[in-house]
Amino acid sequence: MEMAIVAVAMLACMQLKHFLADYVLQPAWIIYGKGDFRMLGGYVHAAVHAFGTIPALMIAGTGSVRIIILVLAEFVVHYLIDYTKAVLSRRSRADATTRAFWAMHGADQLMHQLTYAVLILAAMA
């Protein structure tokens with residue numbers, strides 16, 4: 001496949017995974033577990049994201065060693081992005097009716113999307 005087609009297929013796969021992991025497969029115990037290193041929720045959520053990226057990496061024909069490295073990198077980065085958002089959200093006490101809430105939510109989503117761009121580049125390098 002042409003590189004551009006592969007990159008778009010990878011991005012589509014990551015977008016689907018992101019929607020499912022962030023909006024469908026997040027029960028309350030996962031949501032409340034973010035922002036606390038002692039709770040399991042944030043780790044489980046980051047793992048769902050990391051493992052969900054494997055099919056996208058396979059589309060590019062990425063080797064198994066590189067897949068392991070990229071999956072571990074996504075796990076760490078995803079966890080830290082969500083941890084930071086959870087801590088900042090609690091401190092600000094912003095709810096869904098405030099500009100601050102949506103700015104934090106948007107920044108969180110932007111950071112995840114930029115992570116996907118880096119993963120695609122790393123997989124195709």
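Note that the structure is predicted; figures quoted are calculated from it, not measured.
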Could you list all the salt bridge (Lys or Arg N to Asp or Glu O under 4.0 Å) pairs where at least one residue sits in residues 90-115, not counting sequence neighbours? none
Can you run down the salt bridge (Lys or Arg N to Asp or Glu O under 4.0 Å) pairs that involve residues 26-46, sequence neighbours left out, and say none if there aren't any? K34-D82, D36-R38
With sequence neighbours left out, the residues meeting ring pair (Phe, Tyr, Trp, His ring centres under 6.0 Å) with F37 are Y79, Y83
Under the side-chain contact (heavy atoms from CB on, under 4.5 Å) test, residues paired with Y32 that sit two or more places apart: A28
Remaining members of M104's ILVMFWY cluster at a side-chain heavy-atom cut-off under 4.5 Å? L88
Could you tell me whether the side chain of T98 and the main chain of A94 form a donor-acceptor pair under 3.5 Å? no
With sequence neighbours left out, what residues match A47 under side-chain contact (heavy atoms from CB on, under 4.5 Å)? F51, F75
So do K85 and M111 actually touch side chain to side chain, heavy atoms under 4.5 Å? no
Please report, to 0.1 Å, the donor-acceptor pairs under 3.5 Å made by any side chain of residues 9-17, with sequence neighbours excluded.
unit_1	atom_1	unit_2	atom_2	d
Q15	NE2	Q113	OE1	2.3
K17	NZ	H49	O	3.4
K17	NZ	H49	ND1	3.3
K17	NZ	T53	OG1	3.2
K17	NZ	E74	OE2	2.8
K17	NZ	Y116	OH	2.9

Could you list the cluster mates of L121? Members are the ILVMFWY residues connected by side-chain heavy atoms closer than 4.5 Å, either directly or through other members. none
Could you state whether V87 and I31 fall into the same hydrophobic cluster, counting links through intermediate Ile, Leu, Val, Met, Phe, Trp or Tyr residues with side-chain heavy atoms under 4.5 angstrom apart? no
For a side chain to side chain contact (heavy atoms under 4.5 Å, CB included) check, start with the C-alpha distance between L114 and V118, then their side-chain angles and the critical distance, and finish with the verdict. CA-CA 6 Å; L114 293 174; V118 170; 5.7 Å; no
Pairs of donor and acceptor atoms involving the side chains of residues 59-73, under 3.5 Å and at least two apart or interchain, shall be tabulated with distances.
unit_1	atom_1	unit_2	atom_2	d
T62	OG1	L57	O	2.8
R66	NH1	A122	O	2.7
R66	NH1	A125	O	2.9

Tell me yes or no: between the side chains of H18 and H112, is some donor less than 3.5 Å from an acceptor? no
Qualifying salt bridge (Lys or Arg N to Asp or Glu O under 4.0 Å) pairs, either residue in residues 112-125, two or more places apart: none
Taking D22's backbone N and O only, do any of them form a donor-acceptor pair with Q26's side chain (distance below 3.5 Å, no angle check)? yes
Contacts of A96 meeting side-chain contact (heavy atoms from CB on, under 4.5 Å) (sequence neighbours excluded), chain-then-number -> F101, W102
In terms of hydrophobic clustering (I, L, V, M, F, W, Y; side-chain heavy atoms under 4.5 Å; direct or indirect links), are I54 and V77 co-clustered? no
